[in-house]
Amino acid sequence: QVQLVESGGGLVQAGGSLRLSCAASGNIFSLNTMGWYRQAAGKERELVAAVTSGGSTNYADSVNGRFTISRDNAKNTVYLQMNSLKPEDTAVYYCNAYARSLTALRERAYWGQGTQVTVSS
């Protein structure tokens with residue numbers, strides 16, 4: 001199994017910054033695309049940003065230019081630097097990773113427990 005542990009959420013004023021981290025651990029055979037999703041109250045979960053093992057990135061239009069995703073393959077960790085935060089960024093942020101464990105035949109999606117980000121106006 002693969003575990004994802006997130007950290008870095010919290011309360012920040014509009015215009016401020018936060019950095020989320022997500023570390024993957026466990027019996028990892030391979031770790032492919034990692035990303036961040038968010039779910040605001042009463043809304044569906046949506047992709048925020050993703051990064052492949054090779055470093056290619058993809059962002060939601062709503063965060064492009066404000067958020068930066070990066071990863072440290074040596075540490076099996078993905079980061080989300082969030083700048084110029086807006087109240088509409090308030091949500092629970094979930095780490096996601098496509099990984100194959102040592103006992104699995106193929107990769108599957110794994111999710112973290114979620115971390116709350118609240119942006120006050």
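Worth saying up front: this structure is predicted, and the values here are computed from it rather than measured.
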Checklist entry - Just one of Thr68, Val51, Ile69 clears the side-chain contact (heavy atoms from CB on, under 4.5 Å) bar with Leu80, so which one? => result Ile69

Checklist entry - How long is the gap from CD on Glu46 to CD on Gln39, to the nearest 0.5 Å? => result 9.5 Å

Item to check | From Gln116, Arg45, Gln113, residue fulfilling side-chain contact (heavy atoms from CB on, under 4.5 Å) relative to Val92 | outcome: Gln116

Next on the checklist: Main chain of Val119, side chain of Thr90: is a donor-acceptor contact present, judged purely on distance under 3.5 Å?
Outcome noted: yes

Checklist outcome for this item: Heavy-atom closest pair (Leu31 atom, Ser53 atom, distance to 0.1 Å) is O-CB, 3.8 Å

Next on the checklist: Under the criterion side chain to side chain contact (heavy atoms under 4.5 Å, CB included), I'd like the reasoning laid out for Leu20 against Val117: C-alpha separation, chi angles, the key distance, then a yes or no.
Outcome noted: CA-CA 9 Å; Leu20 305 182; Val117 171; 4.1 Å; yes

Item to check | Face-on cation placement of Arg100 at Phe29 ring, 6.0 Å and 45° thresholds | outcome: yes

Item to check | Reported OG-to-CD distance for the pair Ser120 and Gln13, which is rounded to 0.5 angstrom | outcome: 5.0 Å

Checklist entry - Among pairs that include at least one residue of residues 52-102, which meet ring pair (Phe, Tyr, Trp, His ring centres under 6.0 Å), considering only residues two or more places apart or in two chains? => result none

Checklist entry - Which heavy atom of Val78 sits nearest a heavy atom of Ser70, and at what distance? => result CG2-O, 3.2 Å

Checklist entry - Do Val12 and Val48 belong to the same hydrophobic cluster, where Ile, Leu, Val, Met, Phe, Trp and Tyr are linked whenever their side-chain heavy atoms lie under 4.5 Å apart, directly or via other members? => result yes

Next on the checklist: As a quick check of understanding, evaluate side chain to side chain contact (heavy atoms under 4.5 Å, CB included) for Glu107 and Asn32, giving each step before the final call.
Outcome noted: CA-CA 9 Å; Glu107 70 176 24; Asn32 202 340; 3.6 Å; yes

Checklist entry - Under 3.5 Å, is there a donor-acceptor pair between the side chain of Glu6 and the main chain of Cys22? => result no

Item to check | CA sep, side-chain torsions, deciding dist, call: Lys75, Ser21, side chain to side chain contact (heavy atoms under 4.5 Å, CB included) | outcome: CA-CA 11 Å; Lys75 296 181 178 180; Ser21 300; over 6 Å; no

Next on the checklist: How long is the straight-line distance from OG1 of Thr115 back to CZ of Arg38, given to the nearest 0.5 Å?
Outcome noted: 14.0 Å

Checklist entry - Any idea which heavy atoms bring Val2 and Ala24 closest together, and the distance? => result CG1-CB, 4.4 Å

Next on the checklist: Taking Gly54's backbone N and O only, do any of them form a donor-acceptor pair with Arg71's side chain (distance below 3.5 Å, no angle check)?
Outcome noted: no

Item to check | Distance (rounded to the nearest 0.5 Å) between Leu4 CG and Thr77 OG1 | outcome: 10.0 Å

Item to check | Spacing of CE belonging to Met34 relative to CG belonging to Asn73, to within rounding of 0.5 Å | outcome: 9.0 Å

Item to check | Heavy-atom pair of closest approach, residues Ala109 and Asn96 | outcome: CB-ND2, 4.0 Å

Next on the checklist: With rounding to the nearest 0.5 angstrom, report the CZ to OG distance, Arg108 to Ser101.
Outcome noted: 8.0 Å

Next on the checklist: For Trp111 and Cys95: C-alpha separation, side-chain torsions, deciding distance, then whether side chain to side chain contact (heavy atoms under 4.5 Å, CB included) applies.
Outcome noted: CA-CA 6 Å; Trp111 293 91; Cys95 178; over 6 Å; no

Item to check | Closest heavy-atom pair and its distance - Ser121, Ala14 | outcome: CA-CB, 4.3 Å

Checklist outcome for this item: Correct closest heavy-atom pair for Ser84 and Ser17 would be N-OG, 4.4 Å

